Amino acid sequence: MNEPVHFDLVAIGGGLAGLCAAVRGAELGLRTAVLEAGADEKYPCSSRWAGGIFHVAYHDVKLSPDELLAAINRQTGGETDQELAAAIAADAGRAVDWLASQGAVFTQASPIGWHRFTLAPPRLPVAGQDWQGRGPDRLLGELRRRLHERQGRLLLGTRAAELRVERGRVVGVSAHKDGEVLAVRTGAVVIADGGFPGNAGLFRNHIGPRPDRVLMRHAGTAIGDGLRMAAAAGAALVGLDRFYGHLLSRDAMENTGLWPYPQIDAVAAAAIVVDRRGDRIVDEGLGGISIANDLARLDDPLCATVICDSPIWETAGKAAQIPPNPQLLAGGGTLYQADTIEQLAAAAGLMPANLAGTVAEYNDAVRFNRLSTLVPERSVRSGPARRIDTPPFFAIPICAGITNTMGGIAIDRHGRVKRPDGSAIVGLYAAGGTTGGLEGGGALGYVGGLIKACVFGLRAAEHAARQNG
Ligand SMILES: Cc1cc2nc3c(=O)[nH]c(=O)nc-3n(C[C@H](O)[C@H](O)[C@H](O)COP(=O)(O)OP(=O)(O)OC[C@H]3O[C@@H](n4cnc5c(N)ncnc54)[C@H](O)[C@@H]3O)c2cc1C
């Protein structure tokens, strides 16, 4: 091992959370470094591949803190750490202003209110990958430039492996770089490695038995290193069983032109989701994130097909910014169409009589307002249930896609990592997708990955700077 190098603040991971922490730390006078496992100039991470919409629980980040806190509580069914929720609500507006001061350019990407702070240029409304030169990719470049201007370092190809702990306090980190061990001593480590969506073992332990049958709707670089290091240092881990994700064409398992978009969420939430027999298997009314989580827990997550009729396909099918109607076919995805439910089932490989019975029972429940008697129950959280009775009928084989994990390392409002007894581990912070407590819960509430990464990246750096001074 070489002689240790010294910094005041070291971020593990060069996504939005790590870069925000490092740039803000450097701005406040700290000697900062980012250790980034990726070796390429355009190292893949979720922050680079993101859609670029900054929102708080699907609300405009510039609403008042009280309004944002209420929105987070509604979205999470109140199952959010109030300290973290209040931090996001208080700082969301300041976070986008700070990003703008660092070169971020925002645009109102659509008439939807909470799309007001979308990084420019926004991605094109087409199926498949489209991140090169888009707003998030551009922002990472700007932050990196600001870091260098303030004498901060971004060490590419440097994978953090272990925290160095002395008398209960984190004093450094060791990492692998070019086949050697790099020892770093520092006053503050900010874990910002993105969480564990790409770790099949952790997925099996906490989410579902078949990660190989769930679409990895992310860059594949967040593999749970931070979670492991934090746990070894005594951190509490919270809410590991929930993830943020979407429904996609089942063909996306093999066809990269069909992910991360179009999402099938809106169609599924307006229609029904059935298994290979043609039986309903989820509460569609809870929406796409909930359905994706339900499917991911099954022994066979690839068993699901969405069944809808023409009015649903022409409305919900066109509702999203990158709508499955027509982007599913444009991307090469499977869409079955038939004039009767029995013919549709035969085409899609489902059991015709059974599917016809399922649809008839469902239509009766909608007509006579008996949704709660269905098994599984059909709620209306994501919109009203609609009858499936107007041909042509459509079937879309789907899969669940995991974007990022919602649970992770427990932190306080400063981003300090907490032990199970609630005390903070001195010198250790976490930010972004690797943290837990804000999101998830029974309602599977999603608060927003980019805003969470930026707010806690900033807060961690600011607390570390106060400790340093
Ligand atoms: C397709 C897609 C669309 C999205 N759209 C949106 C959106 O519009 N709005 C929104 O709010 N959220 C969106 N998200 C979610 C959002 O992108 C993430 O929540 C957020 O970017 C997480 O940032 P992060 O910095 O925590 O992690 P990441 O961006 O994943 O960065 C983590 C970094 O850590 C590095 N790393 C991992 N392990 C180590 C290690 N041991 N040592 C050193 N480095 C390591 C990785 O290489 C990676 O570069 C989207 C995500 C995806 C995938």
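All ligand and atom numbering here is 1-based and tracks the order in the structure. Bear in mind that the values here come from a model prediction, so they are computed numbers and not experimental data.
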Nearest 0.5 Å, what's the OG1-CZ distance between T32 and R153?
10.5 Å
Give me the one residue out of W98, F106, F117, W114 that meets ring-ring contact (aromatic ring centres under 6.0 Å, His included) with F54.
F106
Output every pair passing salt bridge (Lys or Arg N to Asp or Glu O under 4.0 Å) with a member in residues 68-77, not counting sequence neighbours, ordered by first then second residue.
none
Between ligand 1 and the protein, tabulate every N or O atom pair separated by less than 3.5 Å, reporting distance only.
from: ligand 1; atom 1: 5 (N); to: G51; atom 2: N; distance (Å): 2.9
from: ligand 1; atom 1: 8 (O); to: G52; atom 2: N; distance (Å): 3.2
from: ligand 1; atom 1: 8 (O); to: I53; atom 2: N; distance (Å): 3.1
from: ligand 1; atom 1: 9 (N); to: I53; atom 2: O; distance (Å): 2.8
from: ligand 1; atom 1: 11 (O); to: I53; atom 2: O; distance (Å): 3.3
from: ligand 1; atom 1: 11 (O); to: G449; atom 2: N; distance (Å): 3.2
from: ligand 1; atom 1: 11 (O); to: L450; atom 2: N; distance (Å): 2.9
from: ligand 1; atom 1: 12 (N); to: Y446; atom 2: OH; distance (Å): 3.2
from: ligand 1; atom 1: 17 (O); to: S46; atom 2: O; distance (Å): 3.3
from: ligand 1; atom 1: 19 (O); to: N404; atom 2: OD1; distance (Å): 3.4
from: ligand 1; atom 1: 21 (O); to: S47; atom 2: N; distance (Å): 3.3
from: ligand 1; atom 1: 21 (O); to: S47; atom 2: OG; distance (Å): 2.8
from: ligand 1; atom 1: 23 (O); to: S47; atom 2: OG; distance (Å): 3.1
from: ligand 1; atom 1: 25 (O); to: L16; atom 2: N; distance (Å): 3.2
from: ligand 1; atom 1: 25 (O); to: A17; atom 2: N; distance (Å): 3.0
from: ligand 1; atom 1: 26 (O); to: G433; atom 2: N; distance (Å): 2.8
from: ligand 1; atom 1: 29 (O); to: S46; atom 2: N; distance (Å): 3.4
from: ligand 1; atom 1: 29 (O); to: S47; atom 2: N; distance (Å): 2.8
from: ligand 1; atom 1: 29 (O); to: S47; atom 2: OG; distance (Å): 2.5
from: ligand 1; atom 1: 30 (O); to: S46; atom 2: N; distance (Å): 3.4
from: ligand 1; atom 1: 41 (N); to: A160; atom 2: O; distance (Å): 3.0
from: ligand 1; atom 1: 41 (N); to: D225; atom 2: OD2; distance (Å): 2.7
from: ligand 1; atom 1: 42 (N); to: A160; atom 2: N; distance (Å): 2.9
from: ligand 1; atom 1: 44 (N); to: L35; atom 2: O; distance (Å): 3.4
from: ligand 1; atom 1: 44 (N); to: A37; atom 2: N; distance (Å): 3.1
from: ligand 1; atom 1: 47 (O); to: E36; atom 2: OE2; distance (Å): 2.7
from: ligand 1; atom 1: 49 (O); to: E36; atom 2: OE1; distance (Å): 2.7
from: ligand 1; atom 1: 49 (O); to: E36; atom 2: OE2; distance (Å): 3.2

Would a 4.5 Å heavy-atom cut-off, applied to side chains only, mark D412 and E83 as touching?
yes
Does the Lys NZ or Arg CZ of R217 fall within the cation-pi geometry relative to Y261 - under 6.0 Å from the ring centre and within 45° of the axis?
yes
Examine R48 relative to Y43 and say whether NZ or CZ is less than 6.0 Å from the centre of the six-membered ring and inside a 45° cone about the ring axis.
yes
